[in-house]
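The next block holds one structure in the form of C-alpha cells; read it before the comments.
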Amino acid sequence: MTRAIKIDQHGGPEELKLVDVQVGQPGPGEIRIKHHAVGLNFIDVYQRSGVYPMAMPLSLGMEAAGVIEAVGEGVTHLQVGDRAAYASQPPGSYCDVRVMPAKCVCKLPDGISFETGAAMMLKGLTAQYLLKKTRPVEGLNPGDFVLFHAAAGGVGLIACQWARALGFQLIGTAGSDAKCALAKANGAAHVINYATEDFAARVKEITGGKGVKVVYDSVGKDTWDKSLDCLQPFGLMASFGNASGPVPPFALGTLGPKGSLYVTRATLFTHIATRESTQAMADELFAMVGSGQVQIRIDQRYRLEDVAQAHRDLEARKTTGCTVITL
Ligand SMILES: NC(=O)c1ccc[n+]([C@@H]2O[C@H](COP(=O)([O-])OP(=O)(O)OC[C@H]3O[C@@H](n4cnc5c(N)ncnc54)[C@H](OP(=O)(O)O)[C@@H]3O)[C@@H](O)[C@H]2O)c1
C-alpha cells in the first residue's frame, strides 16, 4: 500500500483526498518508482478544477523524482536503484510509490538533488521547448526582445535565466513589485508589474516602439488581447497556459492588420511524446542546471497531507519559483 492524493470529482482544493492505494508490479514498458519529492504545477490545478476535464477518480500530479524500485519488460534505459526524475502523463505523482510508463522517466544526474529534480522536470522542459523550439518564423538572435508573462513563477524564473544564457532580452511581467524584482534578479532584462502598469505600452517604450518577436503567454484570458499588441510584424504569439482562464475565441482576421502574426497553442506533451525527444530535452536541462546557468529556486515546500494548501496558495498567486511536496 502507498499514500496517494486522489479526487472523485472536479472542484476546489477540498476535493483533494489522501488515501491508501495498492501498488503493483510494472508491466511491459513500465517502472515502479519510490518518490523522494514531488513537483507542484499549475496543470494540477486545471486537472483538479476541470479546466482540463479528466476521467474520475483521478490521481493527481505530473512531476517527481525518486529511486527506481522495479523495471518491467522491455525497459532498457533504467535499472533498479537508479535515481530518476520525470514530467509525464498520466497524472499520479502525488504519492509515495507508483507504477508508470518508463518512456518519460530519465536518470537524474548525481549532482542534482531529488528536490531539484522534482521541481524542475515539467517546468524546465517547458522553458526548454519554449525558448529553443517555439520561435518566430524569422528566428531569435542574441539581443532580441521576448516577452514572458508570469516571469516570477515556476516556469518563469527558469525561463528568465535560460533566456539570459541565450543572450535574449527577456521582458518579464509579474503581479507585484517584489515578484518583478525577483524576475530581474534571475535574468529578466526588463520587468513590468502588469497589475499596475499597461504592459503593452511599456513593451513599446522598452523596445523603442518596435515590439517583441515572441510573446510567451501562460496567463491566458487576461493578457491575450494586449499581448498581440506587443508583437512585431510576423511575430509569434505562443500561448501555453490559462492561469487567469482560457483564452476566449478570437477573430482570426485580427492577426492580419496587427502584422501578419503567427499563433500557436503549445504543450509540453507533444514535445516529450517519445523517449528520444524527452531524453534530448532533459539532457539540455541537466546541462543548464549542472553548469549553474539555471538555478532551480524552491520557494515553497508542503507535506503531502497539506497539498490542498499548496493548491490554494498557487491559485492565489502567493507562490514564486518552484514548489515541492515533501514526503
Ligand atoms: N503548455 C505547457 O506545455 C505548459 C507546461 C508547464 C506550465 N504551463 C503553464 O505555465 C504557467 C506557469 O506554470 P507554473 O506551474 O510555473 O505556475 P506559476 O507560474 O508558478 O504560477 C502561475 C502564475 O500565474 C500568474 N497569474 C496571472 N493571473 C493569474 C490568475 N488569475 N490566477 C492565478 N495565477 C495567475 C501568477 O503570477 P503573477 O502574480 O506574477 O501574475 C501566478 O503566480 C501555467 O499557466 C501553466 O499551466 C504550460
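All ligand and atom numbering here is 1-based and tracks the order in the structure.
- Using a cutoff of 4.0 Å between basic side-chain nitrogens and carboxylate oxygens, Lys226 and Asp229 are not scored as salt-bridged.
- Nearest heavy atoms, Thr274 versus Lys103: C-CG, 4.2 Å.
- Listed by first then second residue, pairs satisfying ring-ring contact (aromatic ring centres under 6.0 Å, His included) with a partner in residues 97-123 read His36-Phe114, not counting sequence neighbours.
- Applying the side-chain hydrogen bond (donor to acceptor under 3.5 Å, both in side chains) test to every pair with at least one member in residues 104-116, sequence neighbours left out, gives these pairs: Ser113-Thr116, Glu115-Arg301.
- The immediate protein surroundings of ligand 1, defined as residues with any heavy atom under 4.0 Å of it, consist of Asn41, Phe42, Tyr46, Leu122, Thr126, Tyr129, Ala150, Gly153, Gly154, Val155, Ala174, Gly175, Lys179, Tyr194, Ser218, Val219, Phe240, Gly241, Asn242, Ala243, Ser244, Arg265, Ala266, Thr267, Leu268, Leu314, Glu315, Arg317.
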Result block: side-chain N/O donor-acceptor pairs under 3.5 angstrom for residues 230-243, not counting sequence neighbours:
{"from": "Gln232", "atom 1": "NE2", "to": "Gly211", "atom 2": "O", "distance (Å)": "3.0"}
{"from": "Asn242", "atom 1": "OD1", "to": "Arg265", "atom 2": "NH2", "distance (Å)": "3.2"}
{"from": "Asn242", "atom 1": "ND2", "to": "Tyr52", "atom 2": "OH", "distance (Å)": "3.1"}

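- Under the 30°/60° scheme for interplanar angles, the aromatic rings of Phe199 and His149 are found to stand perpendicular.
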